[in-house]
Number of protein chains: 2
Amino acid sequence: MASLGELERAVMDLLWAGQEAATANKLRDLLAQDSAATDGIAGHQGKDLAVTTVLTVLSRLEKKGLVERERGTRPHRYQAVSSRADHTADLMHEALGSAPDREAVLARFIGSVSESEAATLRKLLGKN
Amino acid sequence: MASLGELERAVMDLLWAGQEAATANKLRDLLAQDSAATDGIAGHQGKDLAVTTVLTVLSRLEKKGLVERERGTRPHRYQAVSSRADHTADLMHEALGSAPDREAVLARFIGSVSESEAATLRKLLGKN
DNA sequence: TAGTTGTTTCTACGCAACGTAGAAAATGGA
DNA sequence: TCCATTTTCTACGTTGCGTAGAAACAACTA
C-alpha cells in the first residue's frame with residue numbers, strides 16, 4: 001500500500017519541498033505554477049486543477065498515512081508525515097523486504113551503485 | 001512501469017524459482033499446487049486457474065519486459081529475463097533514482113538496516 | 001486431407017486505484 | 001440571518017489486473 005499516482009506524487013513533492021504545512025488552496029496554486037513552468041513559453045494551457053481535486057488527493061494521501069492534517073484551523077493545514085528521504089528509504093526496504101535472498105539483492109544493488117555513492121555508503125557504515 | 005499484481009508476482013516467483021524455462025501448463029499446475037499447500041488441510045477449494053489466465057498474465061509480463069518467450073517450440077516456453085535478485089535491486093534503484101537527495105536517502109536506508117546486513121554491506125563494499 | 005486435440009490469441013467483464021470535479025453540507029464572519 | 005470559503009460526498013472516465021470464454025492456429029493421426 002505505498003505506490004503513488006502522478007498527481008499524488010506531485011502533491012507530496014510540494015509538501016516535501018516546503019517546510020511549512022500548506023493549505024489546499026496554496027497547493028493548488030503551486031501545482032498551477034509548476035505546470036505553467038513545465039509548459040514553457042507555450043503558455044500553461046493544461047492544468048488548473050479544481051480545489052476539490054486537490055482536497056480529494058489530500059484525503060487519499062491522509063488515508064495512506066503519508067499526510068497529516070490539522071483539523072483545528074479553518075483552512076485545514078496539511079503536511080507530510082515523514083521526509084522524502086525517509087519515505088524513499090522505506091520504499092527501498094519494502095522492495096528488499098519481500099526477498100528471500102536479501103544478501104544477493106544487496107550484492108546486486110551495491111554492484112550497480114556509482115563510486116561516489118559507494119564512498120558515501122562506506123562512510124555511513126563506519127569503515128572499520 | 002514496474003509494479004506487479006498478485007498473480008503476476010506468483011508467476012514470476014515460480015519462474016525465478018525454477019531454473020528451466022516452463023510452459024504455461026506447467027505453471028498452471030505449479031500455481032494450483034502452491035495454493036493447495038497454502039490452504040493447508042482445509043482442501044484447496046480456491047485456485048484452479050484456467051490456462052488462458054496464465055497465458056494472459058505471461059503475455060502481460062512479456063510486455064513489461066520481465067519475461068521472455070521462446071516462440072519456436074510448440075508449447076512456448078517462458079523464462080524470467082533477469083534473476084529475482086537483479087530485479088529487486090532494480091526496484092531499489094528505481095525508488096532511489098527519482099530522489100534529488102540520494103545521499104540522505106542512503107543514510108536513512110543504512111540507518112534502518114539490521115546489523116548483519118550492515119556487515120554484509122561492509123563486506124561487499126570492502127575497500128580491498 | 002480432414003478430423004481431433006492441445007496451444008495461443010482475441011476479446012471482454014468486474015473490480016480497484018487514481019485523476020478529476022460538481023453538488024451539497026458545514027463553518028465562520030458580516 | 002445571509003454570504004463566502006472550505007470541506008465532504010458522490011460520481012464518472014481511464015487504466016491495470018484477475019479471470020476466462022470463444023475463436024484461431026498448429027500438429028498429429030487416421
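The shown structure was predicted, so the numbers you read here are calculated from the model rather than taken from an experiment. Just so you know, these numbers use all the heavy atoms, side chains as well, and skip hydrogens, waters and symmetry mates.
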Rounded off to whole Å, could you give me the CZ-to-C1' distance for the Arg28(A) and dT5(D) pair? 12 Å

From Leu125(B) CG over to Lys123(A) NZ, what is the distance, rounded to the nearest 0.5 angstrom? 13.0 Å

Is it the case that one hydrophobic cluster holds both Leu106(A) and Trp16(B), taking links as side-chain heavy atoms less than 4.5 Å apart, direct or via other members? no

Rounded off to whole Å, could you give me the CG-to-P distance for the Asn25(A) and dT5(D) pair? 10 Å

Distance, rounded to the nearest Å, where Glu6(B) contributes CD and dA17(C) contributes P: 13 Å

Say whether Thr88(B) and Arg108(A), considering side chains only, have a donor N or O and an acceptor N or O under 3.5 Å apart. no

Atom CG of Leu58(B) and atom C1' of dC17(D): how far apart are they, to the nearest Å? 14 Å

Value rounded to 0.5 Å, distance of CG in Leu55(B) from CZ in Arg60(B): 12.0 Å

Nearest to the side chain of Val57(B) - dT20(C), dT19(D), dC18(C)? dT19(D)

Between dA17(C) (P) and Leu61(A) (CG): distance, integer Å: 14 Å

dG18(D) C1' sits how many Å from Leu27(B) CG, rounded? 16 Å

Can you check nucleotides 20-22 of chain D for protein contacts, nitrogen or oxygen pairs under 3.5 Å, and list what you find?
| from | atom 1 | to | atom 2 | distance (Å) |
| --- | --- | --- | --- | --- |
| dA20(D) | OP2 | Ala50(B) | N | 3.1 |
| dA20(D) | OP2 | Thr53(B) | OG1 | 3.2 |
| dA20(D) | N6 | Thr56(B) | OG1 | 2.8 |

Would you kindly give the CG-to-P distance between Leu55(A) and dT5(D), to the nearest whole Å? 15 Å

Taking atom CD of Glu62(B) as the centre, report whether more than 12 heavy atoms of other residues, nucleotides or ligands fall under 6.0 Å from it. yes

Rounded to the nearest 0.5 Å, what separation is found between the CG atom of Leu124(A) and the CD atom of Glu117(A)? 11.0 Å

So what does Leu7(A) touch, heavy atoms closer than 4.0 Å: a base, only the sugar-phosphate, or nothing? sugar-phosphate

What's the closest nucleotide to the Glu8(A) side chain, out of dC17(D), dT7(D), dG19(C)? dG19(C)

Just verifying a value: how many Å separate Leu15(B) CG and Arg84(B) CZ, rounded to the nearest 0.5 Å? 10.5 Å

For Glu103(B), look at atom CD and say whether over 12 heavy atoms of other residues, nucleotides or ligands are found less than 6.0 Å away. no

Give a yes/no on whether any side-chain N or O of Lys64(B) is located under 4.0 angstrom from OP1 or OP2 of dC17(D). yes

Go through the side-chain N and O atoms of Thr23(A) and His76(A) and say whether any donor and acceptor fall under 3.5 Å apart. no

Starting at NZ of Lys63(A) and ending at C1' of dC18(C), how long is that distance when rounded to a whole Å? 12 Å

Tell me which residues in residues 69-82 of chain B lie within less than 4.0 Å of DNA chain D, going by non-hydrogen atoms. Arg74(B)

